[in-house]
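Chain naming here is simple, since letters A, B, ... match the order of the sequence lines and numbering starts at 1 in each.
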Amino acid sequence: MERKWHFLATELIKNLARHVGGEVTIQGWLYNVRSSGKIRFLIVRDGSGMVQGVMVKQEVGDELFELANTLTQESSLKLTGVVREEPRSIGGFELQVTGLEVVSVAEEYPITHKEHGVDFLAERRHLWIRTPRQNAILRIRSEIEHAFRDFFYQRDFVLADSPIITPAACEGTTTLFELDYHGEKAFLSQSGQLYNEATAAALGRIYCFGPTFRAEKSKTRRHLLEFWMIEAEMAYFDVDDNMKLQEEMVFYVIQRVLERCRQELKTLERDVSKLENIKLPFPRISYTEAVELLKKAGQEFEWGDDFGAPHETIIGSHFDAPVFVHRYPTVIKAFYMKPDPNDPKVVLGADLLAPEGYGEVIGGGQRIDDLALLEKRIDEHQLPREAFEWYLDLRRYGSVPHSGFGLGIERTVAWICGLDHIRETIPFPRMLHKMYP
RNA sequence: UCCUCGAUAGCUCAAUGGUAGAGCACCCGGCUGUUAACCGGGUGGUUGUAGGUUCGAGUCCUACUCGAGGAGCCA
């Protein structure tokens, strides 16, 4: 598939290695300049990488040399030069400059190469994403999203997108953003799952990938008000099939990032051995076993309580790989979760907790396929029956055992990149009281 | 909503209750291999807001505003 675009006048910085000895033009932005009177070093970025252009006064002449002096940080420019291997230079190559075209001289740039506080950077997120670290994160996010899609494509899943505007709460628990739908109440979707169950009954194995909205006043490093979720739903999958698919998916994505994003992981100073050591299958423990584990770790915990973030961290830190916690108490889980036939006090749900304290990245499980039980649960949870008639239809017309899950992209990116805050995993994070820019 | 912490130059931070400072950025000068280059000089302040204590407040007290981290909820 690799093609060489010889007919193009310009080249990406990441491809300069193909042109050693040749003259090429790159187009980008000035990242930094160092000047020594008669020699200048122009560090240029183009989004694909960075390269140093070397300009010697004697060689390029006074006019070009002085032109370079007018350039400020982040000025846009086209730089022409001969590609050389140079171990002293970033990336191992440099450009012996022969030509420079100034596209636009930048005003004084607010983000310097020194330290800045997160508040200052967040206000300038549109510029912050130009920095090498943010660039690396967004490239890894892109690779992760492609990997998920490829994984599902290879396994004959159909991409079936779920609606973003919905008439009712999916689970009736969380706070939703409300809309006026031409006089009707509507909400931004908090999950595509119920719709996924319908498309799975139509297409067999499906997934959707889109934005999700939660209006809770969450203010932690793990929460966004708008985030992206991969949700899959599979007809004829039980709880074990479900976990097997998930671990293969997560493993596949990690291998893809290790294979294709080495440079980006290095930029982030990620300890890649933590990712390389992850093997299949992932450990599986029941909720009850997890409670025992917490008690042994000295935590006060009652069977029947839900795990908080500190508990997830303790459980996750006992394993080198992500760990499935399955068979949660029925009372703390959503109305559609199928009870375990061997022990109806628990459901056939399983969450995947990432290691290194990153907590829950997947929530999933087997769904109730029995009409009468589902009707009973809807009543118990005091949900508006009318809004769920179509969902009950799925049990009236050819009900099958089926399972699915939802994976949070941002938490997955934060974990794989080793970030301490989710706000860096998306180009423009939406957080409590924060939606600028 | 609750708990904890914070706010000083454009940025990152100093300053026993006693003249508000440094590095970076920016401007000027110097330097032919720099790696967040370096060296010399210069510009730059209503110390978040309002009030109080004091001879004197960036510093102590009160309220408020804004922000950060955490809890709950969850991906």
Side-chain angles (χ1 to χ4, degrees), chain A residues 31-43 50-60 65 69 72-74 84 86-92 94 96 106-124 131-133 170-176 189-193 209-231 305-313 332-334 351-354 358-364 405-415 420-423 425-426 431-434:
Chain A
Y31 180 72
N32 200 9
V33 192
R34 298 184 196 97
S35 178
S36 299
K38 289 173 183 164
I39 183 167
R40 287 196 218 285
F41 301 93
L42 310 179
I43 316 295
M50 284 210 270
V51 72
Q52 171 169 279
V54 183
M55 196 181 252
V56 177
K57 192 175 187 179
Q58 222 172 22
E59 294 169 9
V60 298
F65 197 76
N69 199 32
T72 52
Q73 185 186 354
E74 287 300 316
R84 285 198 320 220
E86 173 51 73
R88 286 175 292 185
S89 181
I90 45 159
E94 66 181 21
Q96 190 72 30
E107 294 177 25
E108 186 177 334
Y109 196 63
I111 299 180
T112 69
H113 297 134
K114 292 282 177 176
E115 289 171 50
H116 296 285
V118 282
D119 191 36
F120 179 83
L121 291 169
E123 280 287 310
R124 294 156 185 81
T131 60
R133 183 181 162 79
C170 273
E171 305 178 17
T173 52
T174 50
T175 323
L176 305 184
S189 172
Q190 58 154 194
S191 166
Q193 187 208 309
F209 179 40
T212 298
F213 307 88
R214 306 273 166 96
E216 284 119 1
K217 302 201 169 177
S218 299
K219 204 182 162 198
T220 81
R221 65 180 71 191
R222 295 180 312 280
H223 289 87
L224 295 173
L225 275 66
E226 174 185 298
F227 64 98
W228 286 65
M229 190 151 69
I230 291 253
E231 292 178 280
D305 289 346
D306 206 354
F307 299 134
H311 302 124
E312 289 183 357
T313 300
I332 59 169
K333 284 294 181 183
D351 291 349
L352 186 68
L353 307 184
Y358 283 94
E360 184 178 348
V361 290
I362 294 180
F405 62 87
L407 173 143
I409 287 291
E410 286 77 14
R411 286 187 184 175
T412 304
V413 173
W415 161 44
D420 61 11
H421 203 299
I422 200 167
R423 69 182 146 220
T425 62
I426 185 167
M431 299 186 295
L432 193 58
H433 305 134
K434 229 175 200 176

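The nucleotide whose nearest atom lies closest to any side-chain atom of Val118(A) is, among A68(B), G33(B), A25(B), A68(B). Among the nucleotides A68(B), G33(B), A75(B), the one closest to any side-chain atom of Arg423(A) is A68(B). Minimum atom distance to the side chain of Lys38(A) is reached by U32(B), of the listed G33(B), U32(B), A71(B). Distance from the side chain of Leu224(A) is smallest for A75(B) among the nucleotides U32(B), C73(B), A75(B). The nucleotide whose nearest atom lies closest to any side-chain atom of Phe120(A) is, among U34(B), U12(B), A68(B), U12(B). Of the candidates U1(B), C73(B), A25(B), C73(B) carries the atom nearest the His223(A) side chain, counting heavy atoms from C-beta on. Distance from the side chain of Thr112(A) is smallest to C24(B) among A71(B), C24(B), A75(B). Nearest nucleotide to the Lys219(A) side chain, out of A68(B), A25(B), U32(B): A68(B).
When both distances must be under 3.5 Å, the Watson-Crick or G-U wobble mate of G72(B) does not exist. Look at C38(B): its Watson-Crick or wobble partner, with both distances under 3.5 angstrom, is G30(B). Using the Watson-Crick or G-U wobble rule with both distances under 3.5 Å, A7(B) pairs with U65(B). When Watson-Crick and G-U wobble pairs are counted only if both distances are under 3.5 Å, C13(B) pairs with G21(B). If you check G45(B) for Watson-Crick or wobble pairing at under 3.5 angstrom, you find it has no partner at all. Of all nucleotides present, none satisfies the Watson-Crick or G-U wobble test against G58(B) with each distance under 3.5 Å.
Contact between the side-chain N/O atoms of Lys217(A) and the OP1/OP2 oxygens of A71(B) is not found at any separation under 4.0 Å. Listed pair His116(A) / A25(B) fails the phosphate criterion, with no side-chain N or O lying under 4.0 Å from OP1 or OP2. For Arg222(A), a side-chain nitrogen or oxygen approaches OP1 or OP2 of A71(B) to under 4.0 Å.
Below the 3.5 angstrom threshold, one finds a donor paired with an acceptor across the side chain of Arg411(A) and the base of C74(B). Contact of Ser218(A) with C74(B) (side chain to base): no donor-acceptor pair of N or O atoms is detected under 3.5 Å.
Taking atom C1' in both U8(B) and U59(B), the straight-line distance is 11 Å, to the nearest Å. Comparing the C1' positions of G44(B) and G51(B) gives a spacing of 30 Å, expressed to the nearest Å. Straight-line distance between the P atoms of A22(B) and A9(B): roughly 14 Å, to the nearest whole Å. With P as the reference atom, G58(B) and U16(B) are 13 Å apart, rounded to whole Å. Straight-line distance between the C1' atoms of G33(B) and C38(B): roughly 13 Å, to the nearest whole Å. With both ends at atom P, the span from A71(B) to A25(B) equals 39 Å, rounded to whole Å. With P as the reference atom, U12(B) and U54(B) are 36 Å apart, rounded to whole Å. C5(B) sits 25 Å from C73(B) when the P atoms are compared, rounded to a whole Å.
With contacts defined as side-chain heavy-atom distances shorter than 4.5 Å, the pair Phe41(A)/Ser89(A) does not qualify.
In this structure, Glu108(A) atom CD and C24(B) atom C1' are separated by 12 Å, rounded to whole Å. Across the protein-nucleic acid pair, Tyr31(A) atom OH and A25(B) atom P stand 13 Å apart, rounded to whole Å.
Taking every heavy atom of both residues into account, Arg411(A) and Val361(A) meet most closely at CB-CG1, 3.9 Å. Looking at every heavy atom in both residues, Gln190(A) comes nearest to Thr212(A) through O-CG2, 3.0 Å.
Within 4.0 Å (heavy atoms only), Ser35(A) reaches at least one base atom of the nucleic acid. Across all strands shown, Gln73(A) has no heavy atoms under 4.0 Å from either base or sugar-phosphate atoms. When heavy atoms are screened at a 4.0 angstrom cut-off, Asp306(A) is found touching the sugar-phosphate backbone but no base atom. In this structure, Ile43(A) reaches neither bases nor backbone, as no heavy-atom distance under 4.0 Å exists between it and the strands shown. Glu123(A) comes within contact range of no nucleotide atom at all, as no heavy-atom separation falls under 4.0 Å. Among the heavy atoms of the strands, none lies under 4.0 Å from Arg124(A). Nucleic acid contact class of Gly359(A) (heavy atoms, under 4.0 Å, all strands): none. Within 4.0 Å (heavy atoms only), Gln52(A) reaches at least one base atom of the nucleic acid. Contacts of Arg84(A) with the nucleic acid, taken as non-hydrogen atoms under 4.0 Å apart, include base atoms. Contact annotation for Lys333(A): no contact, since no heavy-atom pair falls under 4.0 Å across all strands.
Residue whose closest nucleotide on RNA chain B sits further toward the 5' end, between Ser36(A) and Tyr109(A): Tyr109(A). Nearer to the 5' terminus of RNA chain B, by closest-nucleotide assignment, is the contact made by His421(A) (compared with the other of Met229(A) and His421(A)).
The OG1 atom of Thr412(A) sits 14.5 Å away from atom CH2 of Trp228(A), with the distance rounded to the nearest 0.5 Å.
The side-chain ring of Phe41(A) is not stacked on the base of G33(B), judged by centre separation under 5.5 angstrom and plane angle under 30 degrees.
Using a distance-only test at 3.5 Å, with no hydrogens or angles considered, no donor-acceptor pair links the side chain of Gln193(A) to the main chain of Gly364(A).
Side-chain atoms of Gln52(A) and Glu86(A) include no donor-acceptor pair closer than 3.5 Å.
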